[in-house]
Amino acid sequence: KVERSGAPVPVYRRASRGVIPPPRGPDRFPMVSRSACALFVIVVVSLAITGAILFLRLAVNLEWLQESVCPLLSVEVVNSNTGELPVAVDAAGNFTLSSFLACGTNGSVPCDESPVGIAFSGGGWKALAQHMGTVRALVDLGVPLPAMAGSNSGGTWFLTLLAYSERFYGAVWQETGSGGAQPIEEAYKDFMASYFASNTPPKEMVDKCEEDLHEARDNMTARVGEGAASTLLRELEPLFLVLSFNTSWGAYITAMLDGYSPGFSQTAAGRPTSEALKDVSLALQLSLPPSAYLGAGGEELAVIVDGELHNPTPRAPTPLVYATQGDAARWVRPPPRLPLTIGAVEWGGLDPMLRSANLPEPPAPVGVLASGSSAAAGYLGDPILVAQAIDNAAPGYCAVAVAALNRLWPILNAQQFAVCTDGSNGRRPCDLPSWLLLDGGYTDNAGFIAPLVRLQRQHPRAASLRLVASFSNSCRGGEVSLANCNDFDNSFERMFANPPAAPSGALYSSTPGALYTNMVRGPSPNGTLAHSQQVFAEAAPDWRAHGKGSVFRTMLVNATTVDNPVFGLKGGTKVSAFIIYGNVGAACPTLILPTDGQAPVAGCAQLAKAMRDFLYQMGGSGDPAAEVPVADFEVEGSIPSPAP
């Protein structure tokens, strides 16, 4: 130690003969040889030169990225719809609940002429509760499950459990009141008890996570306002969940499934094994990251050359469907055919960060499908999605963000927030983007389009198709209006034709399948790109209430499909769509942590019972003679449910 002012202070170093005062002159640092000192100077100078070169190279790349790549991260939304749009025809007077779902029985329309499907939406633990109540009602009414079933996210948890878990099937597929049958709300509580037991983290981890979450909320509220902060935090909650457990989303959901049915996550998803579902085809909705390029085996990787995309890479999540039919199972991604090879994007002179690999051969493990379909935080594993969000929030920093993400993503190990299709749920990263799955909500949160497209393919000569959707959502304040219901989740609004300003205020392209910037709340952060999910040529009517005894809503319409090549949807098909809207509030949340206690579980159990009671009444309470058309149905008395 040398005092800068005043007399020198001795420098102490350890020696066998005690303290040695510092030497003077050229031998002031006897422990450092002159050659070592020279080498040190050379290294410093070399590093400085290398840093300067890298800085200049980075500056060139940043300019190139800003001019050539960044424009690819955003699009101008073009909506040319003018005048009054045709509205889908209200068909609620044409069907009872039972007649809508029935085909080929009791004199109903033959299934080949008007086949029926059912869709189970995303929505986490809330969706799981609603779908359990929906199916229990069908069992109590003696109505068979349609031969085509599709799902997304929390709906995929439900559908895979129903199709492949003997315990779950036995708990749900029993007539209420029969010997040994649990009330459906108790069946939900049993599942959640197993989930809590299998995924309870150490208390100190949870406390730290809560502190981080509150700090992030305070910081964001101060910078962007309370409303925007709440929106972003809702999207980031799965991230905090994963961080609190110090593991991957895939491992987290696998633990939940295996906690309920040991070894269930490794079950091969082929033909359903549950008795009532053996002949049901499944269409499980997932999404692929926009970093991925899909092509036939052996094609070159996607590369940007001179600012132009060769083998164009999607700039938004791409729909991927895991489909079963009979004993066969396959991955379906229109328009390329299997086998699929996922390649990589190399951004200019920057190092490629992605590797190529094949999707695994079906049948895939149930755990991979259930966790991949629900990986809402998976966008953090895709640098293009994050760069889009940054570009939307701070347009001038796009190039810096892309360059930094390209270098940092493998180091940050952000891939763990998505799911590897090989089922490895450890801390190691997936080989981005091969084996990487995003939540199916990035392309269709309702899980509606995949079963509809599968019905088109299986029944090309059908006069019409029918699809019922159990949709877990909430209308703000319980009001029945498109604006209020779609403000929280616009999954059905964007399936219909919309004017330049949709009822919720969102902006959609008028071209089905076209890219637009997702400026409404949903599973992806504001500012990311999405493909137009338009299904129908007509605009949507308002929701229907069924008296003051229930907060649930329905919509039953006749509409016509449009051509949407991104999803493989063909236009001109007549479809009757029956949408059942859960419309419950915070008492039954989408995300339930094992540390949240029993209050949210009780709220969601109440939802399961309420949905069962609502549909059971709609079906005539088991008396076919008492069943009325959906348009005429009003709830008798009151059906308690978590208030919106």
Side-chain angles (χ1 to χ4, degrees), residues 118 120-145 149 151 153-199 253 255-265 267 272-277 280 366 370 374 470 472 552 580 582 584 587-590 592 594 596-617 619 621-622 639-642:
I118 188 169
F120 300 102
S121 79
W125 287 267
K126 175 171 63 176
L128 179 69
Q130 175 168 322
H131 304 330
M132 290 176 72
T134 297
V135 169
R136 173 60 70 87
L138 301 185
V139 173
D140 289 344
L141 293 169
V143 177
L145 197 70
S151 64
S153 200
T156 300
W157 302 346
F158 168 77
L159 187 54
T160 52
L161 282 162
L162 190 69
Y164 301 106
S165 168
E166 182 178 348
R167 179 185 176 187
F168 190 85
Y169 173 75
V172 174
W173 205 276
Q174 292 193 59
E175 187 175 345
T176 302
S178 63
Q182 277 185 310
I184 196 62
E185 64 271 25
E186 295 302 320
Y188 181 79
K189 290 178 181 178
D190 272 359
F191 178 87
M192 295 302 288
S194 298
Y195 158 53
F196 278 18
S198 63
N199 272 322
I253 298 305
M256 177 180 75
L257 298 175
D258 287 344
Y260 184 80
S261 293
F264 173 71
S265 66
T267 301
T273 55
S274 300
E275 184 61 33
L277 281 75
V280 174
V366 168
S374 61
S470 174
S472 171
F552 299 152
I580 303 164
V584 298
C588 176
T590 298
I592 301 178
D596 287 340
Q598 292 302 312
V601 176
C604 288
Q606 187 183 45
L607 168 61
K609 182 181 187 303
M611 182 55 69
R612 179 266 171 198
D613 293 347
F614 175 73
L615 294 177
Y616 187 66
Q617 278 196 26
S621 299
I639 299 178
S641 59

About how many Å separate [atom2] of [Y] and [atom1] of [X], when rounded to the nearest 0.5 Å?
{"X": "Phe120", "Y": "Leu128", "atom1": "CZ", "atom2": "CG", "answer": "11.0 Å"}
{"X": "Arg612", "Y": "Leu141", "atom1": "CZ", "atom2": "CG", "answer": "8.0 Å"}
{"X": "Trp157", "Y": "Phe191", "atom1": "CH2", "atom2": "CZ", "answer": "7.5 Å"}
{"X": "Lys609", "Y": "Tyr616", "atom1": "NZ", "atom2": "OH", "answer": "12.0 Å"}
{"X": "Ser374", "Y": "Trp125", "atom1": "OG", "atom2": "CH2", "answer": "7.5 Å"}

Whether [X] side chain and [Y] backbone form a donor-acceptor pair below 3.5 Å:
{"X": "Ser198", "Y": "Ala255", "answer": "yes"}
{"X": "Ser121", "Y": "Ser472", "answer": "yes"}
{"X": "Tyr169", "Y": "Leu162", "answer": "no"}

Residues in side chain to side chain donor-acceptor pair (under 3.5 Å) with [X], at least two apart?
{"X": "Ser265", "value": "Asp258"}
{"X": "Ser165", "value": "Ser261"}
{"X": "Ser153", "value": "Asp439"}

Ring-plane angle category for Phe168 and Phe158, please: parallel below 30°, perpendicular beyond 60°, tilted otherwise.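 Perpendicular.
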Counting C-beta onward and ignoring hydrogens, is there a side-chain heavy-atom pair between Pro640 and Gln606 closer than 4.5 Å?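 Yes. Closest side-chain heavy atoms under 4.5 Å.
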Glu166 meets the salt bridge (charged side-chain N to carboxylate O under 4.0 Å, His left out) criterion, sequence neighbours left out, with none
| message | Does Val139 form a side chain to side chain contact (heavy atoms under 4.5 Å, CB included) with Gln174? I'd like the steps, not just the answer. | response | CA-CA 7 Å; Val139 173; Gln174 292 193 59; 5.8 Å; no
Which side-chain N or O atoms in residues 178-185 pair as donor and acceptor under 3.5 Å with protein atoms at least two apart or in another chain?
residue: Ser178; atom: OG; partner: Glu175; partner atom: O; Å: 2.6
residue: Gln182; atom: NE2; partner: Asp190; partner atom: OD2; Å: 2.7

Any chance you could lay out the side chain to side chain contact (heavy atoms under 4.5 Å, CB included) test for Phe264 and Tyr164, step after step, and finish with the verdict?
CA-CA 8 Å; Phe264 173 71; Tyr164 301 106; 3.5 Å; yes
Would Phe552 and Ile580 satisfy side chain to side chain contact (heavy atoms under 4.5 Å, CB included), going step by step from the backbone distance to the final call?
CA-CA 8 Å; Phe552 299 152; Ile580 303 164; 5.7 Å; no
Between Leu607 and Ala129, the two heavy atoms sitting closest are CD2-CB, 4.2 Å
Practice item. Identify the heavy atoms of Gly597 and Val601 that sit nearest to each other, and give their distance. Key: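 Distance-wise, the nearest heavy atoms are O-CG2, 4.0 Å.
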Derivation and outcome, side chain to side chain contact (heavy atoms under 4.5 Å, CB included), residues Leu615 and Leu138: CA-CA 8 Å; Leu615 294 177; Leu138 301 185; 5.5 Å; no
Contacts satisfying side chain to side chain donor-acceptor pair (under 3.5 Å) that involve residues 127-136 (not counting sequence neighbours) are Gln130-Ser470, His131-Ser470, Thr134-Ser470, Arg136-Thr176
